[in-house]
Number of protein chains: 2
Amino acid sequence: MTVQKSAPSAVSRSAATRKRTRIQQEKEQLILEAALDVFSRHGFRGSTIDQIAVQAGLSKPNVLYYFRTKEAIHRRLIDRLLDNWLEPLRGINQDGDPLSEIQSYIRRKLELARDFPRESRLFANEILQGAPHIQEELHDLRDLVDRKSKIINGWIEDEKIAKCDPKHLFFSIWATTQHYADFDAQIRVVLGPKEDGNDRFEDAARFLDQLYVDGLRK
Amino acid sequence: MTVQKSAPSAVSRSAATRKRTRIQQEKEQLILEAALDVFSRHGFRGSTIDQIAVQAGLSKPNVLYYFRTKEAIHRRLIDRLLDNWLEPLRGINQDGDPLSEIQSYIRRKLELARDFPRESRLFANEILQGAPHIQEELHDLRDLVDRKSKIINGWIEDEKIAKCDPKHLFFSIWATTQHYADFDAQIRVVLGPKEDGNDRFEDAARFLDQLYVDGLRK
DNA sequence: ATAAAATTTTACCATATGGTCAAACTTTAC
DNA sequence: GTAAAGTTTGACCATATGGTAAAATTTTAT
């Protein structure tokens with residue numbers, strides 16, 4: 001019977017679901033926060049462990065003490081992200097008022113884009129590169145979309161909203177809302193310097209509300 | 001008086017607007033084609049000159065004979081891209097029927113996404129990273145959008161289409177159409193294996209047509 | 001206070017990568 | 001055919017980068 005006596009590491013502990021030390025908790029969060037910043041700005045391959053370490057105020061080997069590899073950091077971020085990201089979609093309620101359900105879905109997605117633009121860009125980067133790290137999670141998404149599409153189709157059959165392809169409806173909602181985070185650099189230039197009293201996201205919300213309500217009303 | 005007798009290079013010639021040899025033309029196109037493939041899949045930093053060289057069937061130094069740096073290749077691609085990319089927007093005609101003009105703008109943008117997905121992803125990558133290489137070009141875009149927004153506003157004043165914010169209208173059109181190229185990996189999974197007789201882009205076109213026509217009709 | 005466990009640092013290593021250079025080779029103009 | 005111009009290659013270089021090992025330091029439990 002051999003005993004694991006080799007180097008202790010945060011990694012082996014976390015893998016083994018043992019309790020985490022205070023420092024571990026803090027540093028992991030610190031690293032993830034820094035990594036989110038770096039990854040969302042430069043993509044996976046464009047980011048270096050050193051950049052993340054500097055941003056987190058740690059040394060590179062110290063970062064690697066908490067996460068075995070660069071990929072491990074990325075994976076954790078993506079996992080954490082997807083949970084929150086799909087929450088609004090999960091929230092669509094069959095028994096609610098169809099148009100209100102869709103409206104509030106759009107509003108919640110837009111709020112996510114406003115409040116978590118880095119997460120949106122992290123996701124966009126990953127999909128743009130062909131989603132190499134999240135094929136599995138995407139299949140969960142497909143199941144979720146399938147279920148929610150059935151709800152939409154139900155509303156259509158009940159003649160509560162206009163006939164349309166539910167999946168393309170979702171695509172368009174994702175596209176229009178996430179666009180405000182992902183294409184921020186373009187939008188900033190096109191809208192020009194912000195005039196006071198004008199909130200980009202307010203205007204977007206108003207526009208999308210009108211577009212979808214009028215576009216989907218029976 | 002010293003004579004420039006050092007290494008001849010395609011670069012120096014191209015910079016000096018001299019006539020280009022047949023080989024130069026061919027190889028440059030070959031490299032740009034390969035680079036488009038590589039850059040659009042891995043982003044700028046995620047791509048290597050070697051990858052581009054292999055894809056083009058050339059050696060790395062040979063690639064660098066035609067383009068001084070990796071950035072130079074990228075820049076040329078982006079320049080070439082923007083020209084085509086903005087063409088549909090330029091085509092919006094004040095004197096046409098408003099709804100038809102918008103419909104055909106959407107259709108043309110969707111066709112670009114279908115026929116030039118690599119270009120779309122190249123652009124998306126660039127914007128996602130904060131548009132570091134195309135600030136100048138983005139300002140041209142702003143002017144163009146300003147002009148076209150005035151047209152839309154004119155139509156609104158004439159009560160030919162519903163009141164809306166023209167810029168956000170453009171944002172939503174860009175988002176929804178480009179989404180089909182940029183988020184291809186996600187869309188593929190969500191739609192599942194292609195059933196025959198079903199064309200993703202046909203369905204998208206139908207959906208968007210309905211959304212915008214009903215959403216904008218006066 | 002002390003020993004064990006956890007954390008951090010210093011010094012590395014191997015590989016990948018952007019880019020250079022000069023020699024070898026090919027094409028073109030005459 | 002020949003010389004000049006243009007093209008291609010192989011050998012390199014400097015730096016960046018992901019990752020490792022072990023020693024040094026700090027924290028925690030007792």
Side-chain angles (χ1 to χ4, degrees), chain A residues 3-31 34-35 38-39 42-77 132-133, chain B residues 3-31 34-35 38-39 42-76 133:
Chain A
V3 183
Q4 279 298 104
K5 251 207 150 175
S6 58
S9 83
V11 176
S12 65
R13 296 184 127 256
S14 76
T17 336
R18 268 182 243 168
K19 74 181 170 209
R20 304 185 159 196
T21 66
R22 176 184 53 85
I23 291 176
Q24 235 170 93
Q25 301 244 11
E26 287 172 9
K27 294 292 164 72
E28 277 180 15
Q29 287 317 306
L30 198 65
I31 292 167
V38 175
F39 280 138
H42 307 293
F44 180 75
R45 281 221 43 191
S47 304
T48 70
I49 303 179
D50 248 329
Q51 280 175 68
I52 295 169
V54 167
Q55 179 106 356
L58 301 174
S59 67
K60 184 167 69 161
N62 202 0
V63 167
L64 288 165
Y65 172 71
Y66 291 103
F67 294 90
R68 213 184 290 281
T69 64
K70 182 175 151 185
E71 257 206 70
I73 307 176
H74 190 254
R75 206 180 298 263
R76 273 279 287 281
L77 278 177
H133 304 109
Chain B
V3 183
Q4 277 298 102
K5 251 206 148 177
S6 60
S9 82
V11 177
S12 65
R13 295 185 129 259
S14 75
T17 337
R18 268 182 243 166
K19 73 181 172 211
R20 305 187 157 194
T21 67
R22 175 184 54 85
I23 292 177
Q24 235 171 93
Q25 301 243 12
E26 289 172 6
K27 293 292 163 75
E28 277 181 15
Q29 287 317 307
L30 197 65
I31 292 167
V38 174
F39 280 138
H42 307 292
F44 180 76
R45 280 221 43 192
S47 304
T48 71
I49 303 179
D50 249 329
Q51 281 174 68
I52 294 170
V54 167
Q55 179 106 357
L58 302 174
S59 67
K60 184 167 69 160
N62 203 0
V63 168
L64 287 165
Y65 171 72
Y66 291 102
F67 294 89
R68 212 186 290 282
T69 63
K70 181 175 150 186
E71 256 206 72
I73 307 176
H74 191 254
R75 207 180 298 262
R76 274 280 286 281
H133 305 110

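Each chain gets a letter, A, B and so on, in the order the sequences are listed, and its residues count up from 1. Keep in mind that what you see is a predicted model, and the values were worked out from it rather than measured.
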Q. Could one point to a donor on the side chain of K60(A) or the base of dG18(D) with an acceptor on the other under 3.5 Å away?
A. yes

(Q) Just the rounded figure in Å: distance from P of dG19(C) to CD1 of I73(B). (A) 9 Å

**Q.** Residue pair A34(A) / I52(A): nearest heavy atoms and the distance that separates them
**A.** CB-O, 3.6 Å

Q | A35(A) to I73(A) - nearest heavy-atom pair and separation | A | CB-CG2, 3.4 Å

Q. Between dA6(C), dG19(C), dT10(C), which one does the side chain of I49(B) approach most closely?
A. dG19(C)

Q: Flag the pair K70(B) / F39(B) as yes when at least one side-chain heavy-atom distance between them is below 4.5 Å, and no otherwise.
A: yes

(Q) Counting only side-chain heavy atoms from C-beta out, which of dT17(C), dT8(C), dG6(D) sits nearest to Y65(B)? (A) dG6(D)

**Q.** Minimum heavy-atom distance between L58(B) and I31(B), given as atom pair plus value
**A.** CD1-CG1, 3.7 Å

**Q.** Side chain of K70(B) (C-beta onward), nearest among dT17(D), dG18(D), dG19(C)
**A.** dG19(C)

Q. Taking CD from Q25(A) and P from dT27(D), how many angstroms apart are they, rounded to a whole number?
A. 17 Å

(Q) Checking contacts here: which listed nucleotide (dG19(D), dT10(C), dT9(D)) is nearest the side-chain heavy atoms of P61(A)? (A) dT10(C)

**Q.** Rounded interatomic separation in angstrom, taking CG from L64(A) and C1' from dA22(D)
**A.** 16 Å

Q.
Just the rounded figure in Å: distance from P of dT7(C) to CZ of F67(A).
A. 13 Å

Q.
By nearest heavy atom, map R45(A) and V63(A) onto DNA chain C; which one lands nearer the 5' end?
A. V63(A)

Q: Take atom CG of D50(B) and atom P of dG19(C), then tell me their distance rounded to the nearest Å.
A: 12 Å

Q: Check whether any side-chain N or O of Q24(A) sits under 4.0 Å from OP1 or OP2 of dA6(C), and answer yes or no.
A: no

Q: Give the minimum heavy-atom separation between R45(B) and Q51(A), together with the two atoms involved.
A: NH1-NE2, 4.0 Å

Q. Of the nucleotides dT9(C), dT7(D), dT9(D), which one has an atom closest to the side chain of S59(B)?
A. dT9(D)

(Q) In whole Å, I'd like the distance from the CG atom of N62(A) to the C1' atom of dA23(D). (A) 15 Å

Q: Measure from the side chain of Y66(B), starting at C-beta and using heavy atoms only, and say which of dG19(C), dT8(C), dT8(D) lies closest.
A: dT8(D)

(Q) Rounding to an integer number of Å, can you tell me how far E71(B) CD sits from dG19(C) P? (A) 8 Å

Q: Using whole Å, report how far CD of Q51(A) lies from P of dT17(D).
A: 7 Å

